[in-house]
Amino acid sequence: MRTIDWNKESNSVVLVDQTLLPKEYRIIECKTLSSLCDAIKSLRIRGAPALGAAGGFGIALAAFLSEAKNLEIMINDLEAVGNALKSTRPTAANLGWGVNRVLGAVSDAPDVQGARDIALQEAMDIAEEDVATNKLIGEHGAKLLKDGDTVLTHCNAGRLACVDWGTALGVVRSAIAEGKDIKVIACETRPQNQGSRITTWELMQDKIPVTLIADSMAGWAMHEGLVDSVLVGADRITQDVIFNKIGTYTHSILAKEHNIPFYVAAPISTFDFDGWEGSVKIEIRSPDELRFFGSEQLAPKDVEVLNPAFDATPMENVTAVITEKGVFYPPFLLDEVLV
Ligand code: MRU
């Protein structure tokens, strides 16, 4: 199934529990807002475009659960739910974008039942459009990859980070679909290991050649000539920087040092047209993600820890940003992307 969807029988949100991969592929059902918020916070559903869909479905779920007697009360309730959803993961632009898009659609509803129908339709549209958008990103990005290339990626910007197909890994899928021989080097992506757990798993499912390395091996791999380009996704793109999974900034510097192109693949919904590096809140996650691996203790239990989930890569380290509207080469104005 898709990473996230709506169950029409039970009016609930269904999603692939990504915390269980690669050991187990399990679909879970979120019938309440607290279970959906918990799924987002605990990374059962993750990745910027998938979070956009989760935000949209979250508002639809709230509309179905609402007992409001009139539209005004319902819209007030949905706005409060929207704020709660947005606060679960503050950095990924798509979560707020998905919430706002469905709230915007609902504001034109004729009545409470109409609001439910509109919210669900809008959320379904977001999910459907995500797949089409990623295919376009793939088409544009595939032109940047040559037959025989090896691409280094970080975190998971694949089908499991989206509704389907993927952004960065969507580019790889599209290039392969065009007949190119493309290999992937997946960085482990400590501390949550989205690279080793999810990227390798989904690529192996599709029989796309993938080799896993520890994050600290990326410089060595580039120095050895094993990497033709770096290709990552994004959680938020502002005028000056790309926010993506912690470690992306390091890869960008390494790529620059080794004259390797550094590509970012992301939909327009990831762009934050008013934001700057300093205006964005970077999510800080639990210290225990570093002190433990599952139940395994890796460090003294009370050691001081820094655990930002994302970092900011300056636009000058980026060779090109691949979107559904085409490929943009910095420096570009965000307004140009919208045309
Ligand atoms: O913390 P995560 O797993 O949600 O972080 C995800 C990433 O950083 C991805 O690279 C990004 O969302 C792009 S996904 C197409």
Side-chain angles (χ1 to χ4, degrees), residues 2-4 15-19 21 39-55 88-98 130-131 133-138 141 151-174 184 186-199 201-203 215 230-237 241-252 262-272 280-286 289 307-313 318 321-324:
R2 288 178 168 183
T3 305
I4 181 164
L15 49 96
V16 177
D17 184 345
Q18 299 186 41
T19 59
L21 289 169
I40 297 173
K41 277 190 211 149
S42 59
L43 311 186
R44 293 181 203 284
I45 178 83
R46 47 145 299 279
L51 291 177
T88 53
R89 297 207 70 194
T91 312
N94 306 58
L95 178 57
W97 170 85
D130 180 65
V131 186
T133 296
N134 293 335
K135 293 270 171 86
L136 284 171
I137 291 173
V151 165
L152 180 140
T153 194
H154 191 67
C155 195
N156 172 263
R159 69 165 86 251
L160 284 154
C162 302
V163 177
D164 206 344
W165 199 249
T167 54
L169 298 187
V171 170
V172 169
R173 286 195 168 90
S174 296
V184 176
C187 293
E188 187 178 32
T189 318
R190 284 283 294 148
Q192 283 287 328
N193 288 64
Q194 289 93 333
S196 54
R197 293 188 302 103
I198 305 172
T199 293
W201 183 84
E202 74 160 71
L203 291 176
D215 301 326
V230 177
L231 180 53
V232 293
D235 289 90
R236 184 180 290 261
I237 300 178
V241 295
I242 307 279
F243 288 93
N244 193 48
K245 180 52 58 193
I246 191 77
T248 303
Y249 171 54
T250 314
H251 293 315
S252 79
F262 183 93
Y263 299 124
V264 176
I268 303 294
S269 50
T270 303
F271 284 73
D272 172 1
V280 175
K281 187 174 168 196
I282 292 197
E283 176 188 349
I284 305 294
R285 294 190 62 85
S286 164
E289 288 186 356
N307 189 15
F310 304 100
D311 59 25
T313 296
V318 176
V321 179
I322 308 158
T323 74
E324 66 271 36

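For ligands, and for the atoms within them, numbers begin at 1 and follow the listed sequence. The figures here come from the full heavy-atom set of this structure, side chains too, leaving out hydrogens, waters and symmetry mates.
Residue contacts with ligand 1, taken as heavy atom pairs separated by less than 4.0 Å, involve N156 solely via the backbone atoms N, CA, C and O. Contacts between K245 and ligand 1, counted as non-hydrogen atom pairs separated by less than 4.0 Å, involve both the backbone and the side chain. Residue contacts with ligand 1 for A92 are absent, since no atom lies close enough (heavy atoms, distance under 4.0 Å). When non-hydrogen atoms are compared, ligand 1 lies under 4.0 Å from neither the backbone nor the side chain of Q192. The backbone and the side chain of A157 each have at least one atom closer than 4.0 Å to an atom of ligand 1 (non-hydrogen atoms only).
Here the heavy atom of the protein found nearest to atom 7 (C) of ligand 1 is D235 OD1, 3.2 Å. Atom 3 (O) of ligand 1 has R46 NE, 2.5 Å as its closest protein atom, hydrogens excluded (heavy atom only). A161 CB, 3.5 Å is the protein heavy atom nearest to atom 14 (S) of ligand 1.
Taking only nitrogen or oxygen atoms, main chain and side chain alike, H154 does not reach within less than 3.5 Å of ligand 1. Between G47 and ligand 1, at least one N/O pair is under 3.5 Å apart. The shortest N or O to N or O distance between A48 and ligand 1 is below 3.5 Å. The shortest N or O to N or O distance between T167 and ligand 1 is not below 3.5 Å.
Scored by the side chain to side chain contact (heavy atoms under 4.5 Å, CB included) test, S269 finds N94, W97, P267 as partners (sequence neighbours excluded). Looking at residues two or more places apart in sequence or on another chain, you find a side chain to side chain contact (heavy atoms under 4.5 Å, CB included) between D311 and I246, T248, Y249, T313.
Between L169 and R159 the shortest side-chain heavy-atom distance does not fall below 4.5 Å. Within the 4.5 Å cutoff, no side-chain heavy atoms of T189 are placed close to those of T199. Looking at heavy atoms from C-beta onward, V232 lies in side-chain contact with F262 at the 4.5 angstrom threshold. Under the 4.5 Å side-chain criterion, counting only non-hydrogen atoms from C-beta, R46 is in contact with I198.
Interatomic distance, E324 CD to T133 OG1, rounded to the nearest 0.5 Å: 4.5 Å. Atoms OG1 and CD1, on T323 and I137 in that order, are 6.5 Å from each other to the nearest 0.5 Å. Distance check: H154 NE2 to K245 NZ gives 7.5 Å after rounding to the nearest 0.5 Å.
Between E283 and ligand 1 there is no heavy-atom distance shorter than 4.0 Å. Contact analysis puts P49 in contact with ligand 1, with a non-hydrogen atom separation below 4.0 angstrom.
For the residue pair N156 and R197, no side-chain donor N or O sits within less than 3.5 Å of a side-chain acceptor on the partner.
The ligand atoms of ligand 1 that sit less than 4.0 angstrom from a heavy atom of R89 are 1 (O), 2 (P), 4 (O). Residue-ligand proximity, Q194 to ligand 1, at heavy-atom distances under 4.0 Å covers atoms 1 (O), 2 (P), 3 (O). Close contacts of ligand 1 with F310, meaning ligand atoms under 4.0 Å from a residue heavy atom, involve 1 (O), 5 (O), 8 (O).
Checked for salt-bridge contact, R190 and D215 miss the test: no charged N lies under 4.0 Å from a carboxylate O.
When the heavy-atom distances from atom 9 (C) of ligand 1 to T248, N244, L169 are ranked, the shortest goes to N244.
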